Each structure stands twice: as structure tokens, then as C-alpha cells.
Amino acid sequence: MKLSKSFVPTLKEVPNDAVVASHVYMLRSGMIRMLSAGIYSFLPLGYKVIKKISQIIREEMDFIGGQEFHLPGLNPREIWEESNRVEAFGETMFHIKNRDYILAPTHEEIMTFHARNVVKSYKELPQIWYQIQTKFRNEARPRSGVIRGRQFLMKDSYSFDATWEGLDKSYELHDKAYRRIFDRCDLKYFIVGASSGAMGGTGSEEFMVQSDAGEDTVAYCKSCGYAANVEVAKSRINSIKYDEKSSELKEIYTPNVKSIDELCEYLKINESQCAKSRVYIHNEKPILVLMSGNDEVNEVKLEKILGGAVRPAHTEELKEITGADAGSIGPIGFKGRIISDNQLINANNMYSGANKNDFHIGGIDFKRDVIEIEYFDLRVVKSGEECPNCSCKLEVFSAIELGHIFKLGTKYSNSMGANFLDESGKENPLIMGSYGIGVERVMACFIEQHHDENGIIWDKTLAPFQIHLIGLNMKKQEVVDATEKIYSDFKTNGIDVLFDDRVDAQAGFKFKDADLLGMPIQIIVGDKKLKENKVEIKIRKTNERIEVIIDELQSKVKDLIS
RNA sequence: CGGGGCGUAGCGUAGCCCGGUUCAUCGCGCCUGCUUUGGGAGCAGGAGGUCGUAGGUUCGAAUCCUACCGCCCCGACCA
């Protein structure tokens, strides 16, 4: 493809709206443009990458016996009423105003619709059906470019089995296919599994990529692969040790001391000697939650324990409930349920608020002084703590969800009446699985992981072109002749080349564009080297430069990209 | 949906606090001509704007006020 005739609008400056690297480079390299918040157009260069990713997905899906569909994005609302998901999706679902249609946010219902009354015998099972289609979700806050959009491309597949063992097998096949897909795309990913509780339920794995642009926070152990959403992650941590002697309770005057840090500073004590108090409201009743030092309360864990929604008490409520403002609240004299993090089991000689402004209490012995206390794991796991499985250090970071495989069971087949006849002639609901991959996310994550300060660094698998051919001074006939010859030779050899044949662009300008676009191999043709019958190869990734005799160029490049 | 920020040419911006002959600035990009061609060229000339939209205050509004729209960030939400 000749750059002089192509629509590749590169940008020299960083657009105002872009923050994360993948978004910046996708815009700057002329691969995407925004139409509206969370809605992007793919320009020719970007679409080439999407097609490459789709092709890899297609190959691996076909390999496990998947059959590709193409389903409508526009769906009658009544099908979605069958599974009660119009209500479940709520505001996230787009509704068409002048006809009773919705824009599909996923396709469980439609696949189930096609399966019911058609797939009727166990002899026809299992089936794996997939598609690569645009999904629509009315996201409250689209963000990070293509990573969270209101319209996005998803590979979604659905398995139908006659038995639960069959579902396990279909799930297993997807697990392997997903690993191959992401490996082929050269992504560094990890898997958050149901074993670590992220999704609950019987079987589900999320394929995640570490990224500051991510929306989930996960705890990950490099050594054993333990990975869990921080909402449920556990860590091994020693509880506070019990001193041999418990001292007496004593009230201490602590003017203007609010935070744990201030308390430690004022009393010259250690964080681990403090019990932090947070008041939550659950079922309209106050609950005091005690944490060690500066540990954060994990509200998801708390809700699981209490069995329902919680919210932190408002400032005004605190005074009413405890008689003190935040910063002076504590277990001694608190009227209501008191629960504490496991860290504080039977701790003694602790300091906490006195439920009286400007006072704290020291010498608290949880066993002696806080009789009806209950202990649970309530902490938010922190980086550097020990992995619950193997005792190595956990890392906590944000991550992007690339793919998700999920054992659905009979949720949709039951509600929509998709049944088959088993060997004994008995009618049973189809046992289903659903499996998704965010196609644009694969692209964005690749860029997040493969770029430098100059631009993208494509790998040959996903690169829109293998070669970026640069004619330095296209006003010199010898450069034109040489580059045109090289260009057509590559085309003859079936190698995809982007040819920067622009006449008026300066050398530096072309170099910068080439680094920005990031094709794996640059071939630089200038009149000086041409006199020696040579051109230069630059490897984008390593910055390595190789001089080659023109006659050897084709075979040299073949070696490099094989 | 809450909090914060922003909206001036294709992109990035100055001016806004303190309204008025600096009032529409500058850089990049674009067009024409000449020169230049190994890391984002030089000179000369040129095109491009309802200052997000609508009201209001005022003799006078990019500037002050109100509402709305759009975008970004944080949070809430996220089968």
C-alpha cells in the first residue's frame, strides 16, 4: 500500500482526550477516530489489525469444532423478556424508540432461540456456535478509548451439551483455545479462576491483562498463578500477637487526633497497636467494623458476611450512633453489633476511639473488654503480602478483562424452553456455556504491552503490514526506481508492505511516522547507500540496523519474518 | 447518577479572574511558489472561526450570569 494514496491520518501531537497509551497511539497512528463517547470508527489501518485478530480467533474456534454464525444486532424485545434480561440489563441495554427492538448487548437469547425446537436429540450434541459481532451496551461511563465502549466487537461462543460432563469438556476446549489465541497474539495474560472465587458459581475463568488502564484490581501471585479480584482476594498475614500482660483500660486525652497516623504520632505507638473503627449501616442498623491499623475494609467481603448491602454511615449519623465524630469512634461503649477483622483476634493492649470527641482509649483487651465481638476476614489485600497458596509475595494491580469463559448451565434453556430428548426419551434442558473475547481489547492490550515513547511496536502476527518501506528522497529518480522495484518484489512474494512514497515529506518526518505506526521491519532506501547498491533494514523492536545488498534483500527479509 | 476539569480553525493552544484598538493569539497541519531531503526543514504568499448551543446582563460579551449540549478524569454501576 502506498502511503501517498492512503488514508492514514497520523497525528504529531497527543489529542486532548486520550490518556492511556493504547488510546493515544491508536489515535495518533490513524487507526481509529471517535464518533461519540465510547463509539469509534476503525480506519483502514486499524481495521487491518482487527481482521488479523478475528482471523486468529476464527482459526482457534474452528479448531475446537466451533461453527461461525452471524446474528443480528437488532433484536425483538420479547425474546429478551423470556429470560427476564430486559430488566436485568436495565439502563445498560439500548432500546429502539420507534419499534419494539433492542440492540443486543450479548447473544445468549438469540443462540438459545435458534437451538430450541431445532436441536432436539442428544445425538446432535454437543454443539459449539460462535460469532464475531458488534455488541451494544449503554455504558454509563465509556473510558480509555476502545477499552470500554458503548459499541464493541465481541467474539462470543455458546456450547450446548447433553450432560454436565459434556459441558466440562466444552469449557475445557474453550480454555485451551483461549490460551492459544492470546499466546498467538503475544499477550502476557493471567487467569482469574472460580477457584479463587471471583465469580462464584461452578465454573468461570477470566483472562486478564495487567494494565493501569484496567478497571479491575486483582491480586496475583507470580509463583503459583493464584489470581483473584481484590474484592475477594485473600492473603496470609500474621495476626497481632497477644502480649503476656493486659494493662488496664485508660482514657487518654487526644485533642484533634483523627487519623490512625495522627494517633500513632501523638502517642508514639505503632500502627499495629491501633484498632480502626468504621461504622456501616446494614438493614438500617449500625455495625461497628474494627480493622488493624490502616487496613481498608473490603465492603464486598463485608456484604457477603452480612448477607446484604451495606453503606458507610453518614457523618451526621455517626454522632447520633456513637456520640462522637469519625476519628474518635471505638468498641468500648459502642451499642450494636461489633465485628472485627481476623487480624485483631484476641488482641490486647490496643488503642481505639473512646466514642467521645478528642479522647481515645488505651489498654483494650478484645477478649476481656469487647465481649460479643465476631471475627471475619475483612481486609483489602495489599501488595507484598503472602499468597494464600504458596506463601510467595502477592502483587496487587489493575487489569483489563480480555476474555471470559463461563459455565451457564440451564439458565437460558430453562427460561426459554430449549430442551432435547436424551437416550431414554426424556426431555431435558440443554446445558450451556458462554464464552467471550473483546476483540478491540485484544488490540488495545497488545499496544499497552508493546510500545515505547515513539509509538507502537507490532509483532508480525498482528502488524497491519510486515514491512514499512521508506524512500527517503522521492525526488531522486534512483531512489524512486529502487523503491518501486523493492515494493513490487515484495508484492510478488506475497509480503504485505506499507510504502512511504511521499514526495514532499522529509526524512525525519518519515522516520517518526514509521516508528509511530510500528511495523516490525523498516526498510530505508536513501541515495547514499544506493550508490553502494545497499539499503538499510531497521528492526523496530530492537532498533537494530542491518545493511543489505539489494539483491539479498528479499531473502534476508524472508529470514527475518519467518 | 455524584464530584472535578474542559469546550477558541483539522490537531494542540493564548486570551477569560479584571468586558472595550493586542480581540480573535501562537505552533503544527493544509494550499501556492522557490529552496531543502538520513531523525518531525527554510523563506515568501494564502485559505480556514456562528470563540460548544440558547438565553440573559451591558452602550459593548470569547470574557460576567443562567440553562442546555458535548468530551475527559475520579467515583458509583458493570450479564
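Only a predicted model underlies this, so the values are computations on that prediction, with no experimental measurement involved. Residue numbering restarts at 1 for every chain, and letters A, B, ... go by the order of the sequence lines.
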Take atom [atom1] of [X] and atom [atom2] of [N], then tell me their distance rounded to the nearest Å.
X	N	atom1	atom2	value
A/E299	B/rC77	CD	C1'	14 Å
A/L27	B/rC72	CG	C1'	13 Å
A/E536	B/rG38	CD	C1'	8 Å
A/M93	B/rC77	CE	C1'	16 Å
A/L11	B/rG40	CG	C1'	13 Å
A/N138	B/rC77	CG	C1'	12 Å
A/R33	B/rC71	CZ	P	17 Å
A/N16	B/rG27	CG	C1'	16 Å

Exercise for the section: Test the A/K407-A/Y171 pair against the cation-pi criterion, namely NZ or CZ under 6.0 angstrom from the six-membered ring centroid and within 45° of the ring axis. Expected result: yes
If you take the centroid of each ring, where Trp contributes its six-membered ring, are [Y] and [X] closer together than 6.0 Å?
X	Y	answer
A/Y280	A/H282	no
A/H23	A/Y40	yes
A/W129	A/F69	yes
A/F397	A/F190	yes

Go through [options] for me and flag the one nearest to the [X] side chain.
X	options	result
A/R545	B/rG39, B/rG29, B/rA79	B/rG39
A/D515	B/rG38, B/rG39, B/rU37	B/rG39
A/D17	B/rA79, B/rA76, B/rC72	B/rC72
A/M154	B/rA76, B/rG38, B/rA79	B/rA79
A/K12	B/rA79, B/rC28, B/rC72	B/rC28
A/D513	B/rC72, B/rG40, B/rG38	B/rG40
A/S36	B/rC72, B/rA79, B/rC71	B/rC71
A/R85	B/rC72, B/rA79, B/rC77	B/rA79
A/M34	B/rC71, B/rA79, B/rG12	B/rC71

Polar pair under 3.5 Å, donor/acceptor by atom type, side chain [X], base [N]:
X	N	result
A/K475	B/rU36	yes
A/R28	B/rG29	no
A/R141	B/rC77	no
A/Q506	B/rG38	no

By the 4.0 Å heavy-atom rule, please label [X] as base, sugar-phosphate, or nothing.
X	value
A/L472	base
A/A37	sugar-phosphate
A/K538	base
A/K529	base
A/A505	base
A/T10	nothing

Practice task
Look through every strand shown and name the nucleotide pairing with B/rC16 as Watson-Crick or G-U wobble, where both distances are under 3.5 Å.
Solution key: none
Practice task
Determine which nucleotide pairs with B/rC64, using a 3.5 Å limit on both distances of a Watson-Crick or G-U wobble pair.
Solution key: B/rG56
Problem - Polar side chain donor-acceptor pair, A/E68 to A/Q131, under 3.5 angstrom - result: no
Practice task
Name the orientation class of the two ring planes belonging to A/F446 and A/H450 (parallel below 30°, tilted from 30 to 60°, perpendicular beyond 60°).
Solution key: parallel
